[in-house]
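One structure is given below, encoded as structure tokens.
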Amino acid sequence: MKEEFIAKKKIILTGDRPTGNLHLGHYVGSLKNRVMLQNEGNYDEMYVFIADTQALTDNFNNPKKVRDNVIEVALDYLSVGLDPKKVTIFIQSMVRALPELTMYYMNLVTLARLERNPTVKSEIKQKDFGSSIPVGFLNYPISQAADITAFDATIVPVGDDQLPMIEQAREIVRSFNNIYGETLVEPKAVIPDNEVCRRLPGTDGKAKMSKSIGNCIYLKDDSDTVKKKVMSMYTDPNHLKVEDPGNTKDNPVFIYLEALSTDDHFKKYLPEYKNLDELKAHYEKGGLGDVKVKNFLYEVIEDILIPIREKRKYYEDNIDLVYKILKEGSIKANSKAEETLKKVKKAMLIDYFD
Ligand code: TRP
């Protein structure tokens, strides 16, 4: 009965670490989804935030990088069409209740559980921490649970690498509610339906688009840069001559088309094919050159990026407005999280003077 009451509201929340500009992988994996959810309007509250506190857990020695990228990510958000009238956009460190909630949740999680988190595990390996793992870094899944629960989020749209984080947040919620009584709301992760969108490969064909590898197409890249990147993309290495039959399956050019192109794009830029299936069939049979496919992919990406670039230019020229949006969003988010903190402290019997 009580649970039903709590779950009535639909609250969407998600965020990104400000460690670099957002790219096409972010776009198909999450940003596009968010804008769709926002425009469908089928929710009570929606929050999108810039996770600077979390970015500092592995960039604590590079505060300038985090600071600069807070604004870059805000520009990326606004330029893909997140609308501050519909979505509260805020900065994580401005919400004072989050570290306090984190502190209380830390009691509910074991060290072994944190070390078992697959995303944390692979990040530790990738960052070469060895046995010198900063406590703050290992702890970030708990702080992420605070981010989610502070807003009573029910829906968390993320890339699939974030599923272990949401699972851990759910465990914390259950554990908290068990001990202190029904207080927190259990979140659900939402990942893209289209499987190719969940993990877009890099332009070099490597597993994932990742700024540390330098195989990304950024939302802020200009046309020339996009053209260069697309034309030098990895394709099927055995497709040497136009007549050769080609492989579309592990071919990032076709994977991008799968994630990005629509039948309308074919009508507009490559009308001799009805859809991607026809284009693929031709490539697989032989007789279709990479350059032609890449030129089409370039048009498709440009079709998506041109309006994004235009909006970005507007906000870059009005940067005071961006700060204003972030400030107002942060104030709003802060007061919402304060309410949750109050409930949490009451449940934990540490609400001495209320
Ligand atoms: N971990 C996410 C990332 O690396 C950022 C993030 C922090 C987040 N807190 C969150 C995402 C809460 C969703 C919900 O990009």
Side-chain angles (χ1 to χ4, degrees), residues 11-23 25-31 33-34 37-38 43 45-59 65-66 69-70 72-74 76-77 80 82 87-95 97-99 101-102 105 114 117-124 126-127 136-173 184-192 198-200 208-212 216 219 329-330 333 336-337 340:
I11 300 180
I12 303 171
L13 172 135
T14 189
D16 300 274
R17 291 184 201 179
T19 52
N21 278 102
L22 302 181
H23 51 59
H26 294 112
Y27 180 76
V28 299
S30 180
L31 293 170
N33 230 341
R34 294 180 204 175
L37 286 165
Q38 163 196 282
Y43 57 84
E45 293 164 40
M46 183 164 171
Y47 299 89
V48 176
F49 73 99
I50 303 170
D52 61 338
T53 309
Q54 189 175 108
L56 284 165
T57 63
D58 64 332
N59 291 279
K65 172 178 161 191
V66 174
N69 280 303
V70 167
E72 287 299 317
V73 171
D76 287 329
Y77 282 172
V80 296
L82 286 178
V87 175
T88 305
I89 303 174
F90 69 92
I91 302 175
Q92 186 184 25
S93 65
M94 296 303 293
V95 179
L98 297 177
L101 289 170
T102 304
Y105 298 169
L114 286 171
N117 183 310
T119 302
V120 172
K121 233 169 150 172
S122 74
E123 280 173 309
I124 286 172
Q126 192 195 324
K127 291 178 211 301
F137 181 78
L138 196 61
N139 199 42
Y140 93 73
I142 303 181
S143 120
Q144 189 154 337
D147 303 336
I148 295 168
T149 55
F151 298 90
D152 294 335
T154 51
I155 309 268
V156 186
V158 282
D160 68 352
D161 62 318
Q162 292 297 303
L163 293 176
M165 300 299 156
I166 314 302
E167 191 44 45
Q168 207 161 359
R170 288 162 64 86
E171 284 174 30
I172 289 171
V173 168
L184 302 174
V185 180
E186 227 178 284
K188 217 189 252 137
V190 173
I191 58 177
R198 292 182 196 161
R199 192 162 293 222
L200 203 67
K208 198 177 158 185
M209 210 179 253
S210 157
K211 58 185 164 280
S212 53
C216 307
L219 300 178
S330 298
K336 164 94 185 187
T340 305

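Whatever order the structure lists them in is the order used to number ligands and atoms, beginning at 1. Everything numeric in this text was worked out from a predicted model, so none of it was measured.
Under the side chain to side chain contact (heavy atoms under 4.5 Å, CB included) test applied with Met165, the options Thr119, Ile142, Ile148 reduce to a single match, Thr119.
Side-chain contact of Asn21 with Asp76: a donor-acceptor pair under 3.5 Å is present, judged by distance alone.
In this structure the side chain of Ile155 never reaches within 4.5 angstrom of the side chain of Pro187, judged on heavy atoms. Two residues are said to be in side-chain contact when any heavy atoms from C-beta on lie closer than 4.5 Å; Leu138 and Val120 meet this criterion.
Relative orientation of the Phe49 and Phe90 rings is parallel, given thresholds of 30° and 60° on the angle between their planes.
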One pair per line, please: each N/O atom of ligand 1 matched with every protein N/O atom under 3.5 Å away, atom names first, then the distance to 0.1 Å.
unit_1, atom_1, unit_2, atom_2, d
ligand 1, 1 (N), Gln54, OE1, 2.7
ligand 1, 1 (N), Gln144, OE1, 3.1
ligand 1, 1 (N), Gln162, OE1, 2.9
ligand 1, 4 (O), Arg17, NE, 3.2
ligand 1, 9 (N), Asp147, OD2, 2.7

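For Tyr140, the ring pair (Phe, Tyr, Trp, His ring centres under 6.0 Å) test picks out Phe137, with sequence neighbours left out.
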